[in-house]
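Working notes, beginning with the structure itself.
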Amino acid sequence: MTGKLSIITSRQRDILVLLKKNGPMNVHEIGLLLKIHPKTVKGYLRNLQRMGLIEYDGETARLANNFDKAIEVMEREIEELKSILGVRS
């Protein structure tokens, strides 16, 4: 089996592309364009916010102004994966 490990899902990537193209969007707009339920959109948005990739107020999302938090979160996740897999730096 071939594939690539991704820190974000394809749906999360779709949301980032929409936000880059359209600017701030609300949950319902994103759901309509991606044909997914607003509750599902909210879950994706919360995860993207936790990763520092977007700003999200519970209804409207926009790309983050600064990606330092996103880089920090991803670096921590990489270190955790290394630890789980027994990979030494």
Side-chain angles (χ1 to χ4, degrees):
M1 181 170 111
T2 60
K4 62 180 180 177
L5 180 63
S6 180
I7 292 183
I8 63 171
T9 67
S10 61
R11 276 292 191 207
Q12 289 170 326
R13 185 175 287 111
D14 292 342
I15 290 170
L16 292 173
V17 169
L18 282 176
L19 294 174
K20 175 73 173 170
K21 179 180 176 184
N22 299 311
M25 297 179 72
N26 69 46
V27 169
H28 297 285
E29 292 169 329
I30 295 168
L32 285 172
L33 288 171
L34 296 180
K35 297 181 172 94
I36 55 178
H37 195 277
K39 284 187 178 184
T40 304
V41 173
K42 287 181 180 187
Y44 288 132
L45 294 176
R46 283 191 299 271
N47 285 331
L48 290 168
Q49 180 183 35
R50 179 189 60 78
M51 289 187 283
L53 294 168
I54 66 166
E55 296 173 4
Y56 173 56
D57 64 10
E59 186 57 35
T60 302
R62 65 183 43 80
L63 289 178
N65 292 325
N66 181 322
F67 294 103
D68 289 346
K69 179 181 177 188
I71 293 167
E72 183 180 311
V73 168
M74 289 178 198
E75 286 173 343
R76 274 197 316 267
E77 290 190 15
I78 289 167
E79 289 306 314
E80 184 178 337
L81 281 171
K82 284 180 177 179
S83 175
I84 290 168
L85 299 172
V87 175
R88 295 184 181 158
S89 300

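These numbers were taken from a predicted model, which means no experiment stands behind them.
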Mind listing the closest non-hydrogen atom pair of [X] and [Y] along with its distance?
X     : Y     : result
Pro38 : His28 : CG-ND1, 3.5 Å
Ala64 : Gly52 : CB-O, 3.4 Å
Pro24 : Thr60 : CB-CG2, 4.1 Å

### Query
With a 4.5 Å heavy-atom cut-off, do Leu45 and Ile54 have their side chains touching?
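A side-chain contact exists here, since the closest heavy-atom pair is under 4.5 Å.
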### Query
Can you tell if the side chain of Thr9 reaches within under 4.5 Å of the side chain of Asn47, non-hydrogen atoms only?
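With C-beta onward as the side chain, the pair stays apart.
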#### Entry: side chain to side chain contact (heavy atoms under 4.5 Å, CB included) between Leu53 and Ile8, intermediate numbers included
CA-CA 10 Å; Leu53 294 168; Ile8 63 171; 4.1 Å; yes
### Message
Quick one, Arg88 with Lys82, criterion side chain to side chain contact (heavy atoms under 4.5 Å, CB included). Give me CA distance, side-chain angles, the key distance, then yes/no.
### Response
CA-CA 7 Å; Arg88 295 184 181 158; Lys82 284 180 177 179; over 6 Å; no
Would you give the length of the straight line joining atom [atom1] of [X] to atom [atom2] of [Y], rounded to the nearest 0.5 angstrom?
X     : Y     : atom1 : atom2 : result
Leu81 : Met74 : CG    : CE    : 12.5 Å
Ile30 : Met25 : CD1   : CE    : 5.5 Å
Glu80 : Glu75 : CD    : CD    : 14.0 Å
Met51 : Gln12 : CE    : CD    : 4.5 Å
Ile15 : Leu63 : CD1   : CG    : 11.5 Å

Please check if [X] and [Y] belong to a single hydrophobic cluster, counting links between Ile, Leu, Val, Met, Phe, Trp and Tyr side chain heavy atoms closer than 4.5 Å.
X     : Y     : value
Tyr44 : Leu33 : yes
Leu32 : Leu16 : no
Leu48 : Ile78 : no

### Message
What verdict does the side chain to side chain contact (heavy atoms under 4.5 Å, CB included) test give for Val27 and Tyr56, after you've listed the backbone C-alpha separation in whole Å, the side-chain angles of each residue and the deciding distance to 0.1 Å?
### Response
CA-CA 10 Å; Val27 169; Tyr56 173 56; 3.7 Å; yes
### Message
Pair Val73, Lys69 - check side chain to side chain contact (heavy atoms under 4.5 Å, CB included), show working.
### Response
CA-CA 6 Å; Val73 168; Lys69 179 181 177 188; 4.2 Å; yes
### Residues which pass side-chain hydrogen bond (donor to acceptor under 3.5 Å, both in side chains) with Glu55, listed by chain and number, not counting sequence neighbours
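Checked Glu55 against side-chain hydrogen bond (donor to acceptor under 3.5 Å, both in side chains); matches are Asn65.
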### With Glu72 via side-chain hydrogen bond (donor to acceptor under 3.5 Å, both in side chains) - residues at least two apart
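Once residues adjacent in sequence are excluded, the partners of Glu72 under the side-chain hydrogen bond (donor to acceptor under 3.5 Å, both in side chains) criterion are Arg76.
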